[in-house]
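A short worksheet on the structure shown next.
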Amino acid sequence: MDQFTTTELLQAQSHNWNLVLSYLKSMSLKAAIDLGIADILHKHGNPMTLAQLTTSLSIPTSKSNHFRRVMRLLVHQGIFSTDQETQSLYSLTPTSHLLITGNSASITPFLRLIVDPSISHPSYVLGSWFKSPEETPFELLHGKGIFELASEKPEFNKLFNEGTASDAGLVMDVVVRSCGEVFRGVESLVDVGGGTGATAMALKKAFPEMNCTVLDLPHVIQGKTEIGGVGFVGGDMFEWVPPASVAMLKIFFRLSLTIDL
Ligand SMILES: C[S@@+](CC[C@H](N)C(=O)[O-])C[C@H]1O[C@@H](n2cnc3c(N)ncnc32)[C@H](O)[C@@H]1O
């Protein structure tokens, strides 16, 4: 106790509260996605009051106070904004723009994947994992690796593939526009671990002369052979990779390792 001042300890207490409750940041984002708040604001076209939002979302008046608090948290996190003057009119921000359904830049499927219990629960066992023989917290919780689970559970396979693919809309548009020259003149490209082919298809659209192939595990490829000029091959990259002038690995190891930790 002597080591620190009372002020420091009071600050430390609130710091701990802040840290331990910070999962509410992701859970309030999940609530915003589940309720479709961004879609309602987008459809309305103008800033909306809390009453307009609760009516559009069919939230009973008995819960409007709770909803106001969640909106406050979402505004605090920059997911929505309020007008400077009255702070009672809610608008979209660039962050919530990426939640709009049907928007080619939407990353909602990716966010849904990350907050899904199958992906978020392994973090609960992070501490005990250090003393376990398992290679990843994911394996400690599920008894198998992420790609093995995807090969066995069609719903998880869909969630995972759609989630990772949703990153491609915005990112590939930026990549093609700001550094597309990297791909100019490339005759053939294989996207190793290319998932649903969203990235390869964006490249094929921008560079029609490029021969594009996606290699991914058989449960991801699901027998597809060609879509929009992009070839699909099911297999294991550790056994064979289709020959091409360029092999691309996008969010392969980094995301896999982060999720698998
Ligand atoms: C994190 S996802 C990235 C998907 C895609 N590249 C993207 O950027 O959205 C990793 C992908 O690698 C695939 N994968 C994992 N192990 C593989 C292997 N041994 N051979 C081929 N693909 C593999 C997974 O099925 C998954 O689709």
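We count ligands from 1, going down the list as the structure has it; atoms in each ligand are counted the same way. If you read the sequence from its start, that first residue is 1, and numbering goes on from there. Below, each value reflects all heavy atoms present in this structure, side chains not excepted, and no hydrogens, waters or symmetry copies.
Taking the six-membered ring where tryptophan is involved, the planes of His142 and Phe138 are tilted, since the angle between them lies from 30° to 60°. Ring geometry for Phe147 versus Phe160: interplanar angle over 60°, hence perpendicular rather than tilted (30 to 60°).
Between Gly193 and ligand 1, at least one pair of N/O atoms sits closer than 3.5 Å. Between Lys250 and ligand 1, a contact under 3.5 Å exists for at least one N or O pair. Where the criterion is an N or O separation shorter than 3.5 Å, residue side chain and backbone included, Thr164 meets it with respect to ligand 1. Note: no N/O pair closer than 3.5 Å links Thr199 and ligand 1 by distance alone.
Each of the atoms 18 (C), 19 (N), 20 (N) of ligand 1 lies under 4.0 Å from some heavy atom of Asp236. Shown in contact with Phe238 at under 4.0 Å from a heavy atom are these atoms of ligand 1, numbered in order with element: 19 (N). Within the listing of ligand 1, atoms 25 (O) sit less than 4.0 angstrom from a heavy atom of Val220. Interface of Phe147 with ligand 1, defined as ligand atoms under 4.0 Å from a residue heavy atom, comprises 15 (C), 16 (N), 24 (C), 25 (O), 26 (C). Those atoms of ligand 1 that come under 4.0 Å of a heavy atom in Gly235, given as number and element, are 20 (N), 21 (C).
Across Thr164, Asp191, Asp167, a single residue satisfies side chain to side chain donor-acceptor pair (under 3.5 Å) together with Lys250, and that is Asp167. The side chain to side chain donor-acceptor pair (under 3.5 Å) test with Ser28 singles out one residue from Gln77, Arg72, His76, and that residue is Gln77.
Residue contacts with ligand 1 for Asp216 involve both N, CA, C or O and side-chain atoms from C-beta outward (heavy atoms, distance under 4.0 Å).
With sequence neighbours excluded, the residues satisfying side-chain contact (heavy atoms from CB on, under 4.5 Å) with Asp173 are Arg177.
Residues Val192 and Ala247 share a closest heavy-atom pair of CG2-CB, 4.3 Å.
Through side-chain heavy atoms spaced under 4.5 Å, either directly or across other Ile, Leu, Val, Met, Phe, Trp or Tyr residues, Val230 is tied to Met201, Val214, Ile221, Ile227, Phe232.
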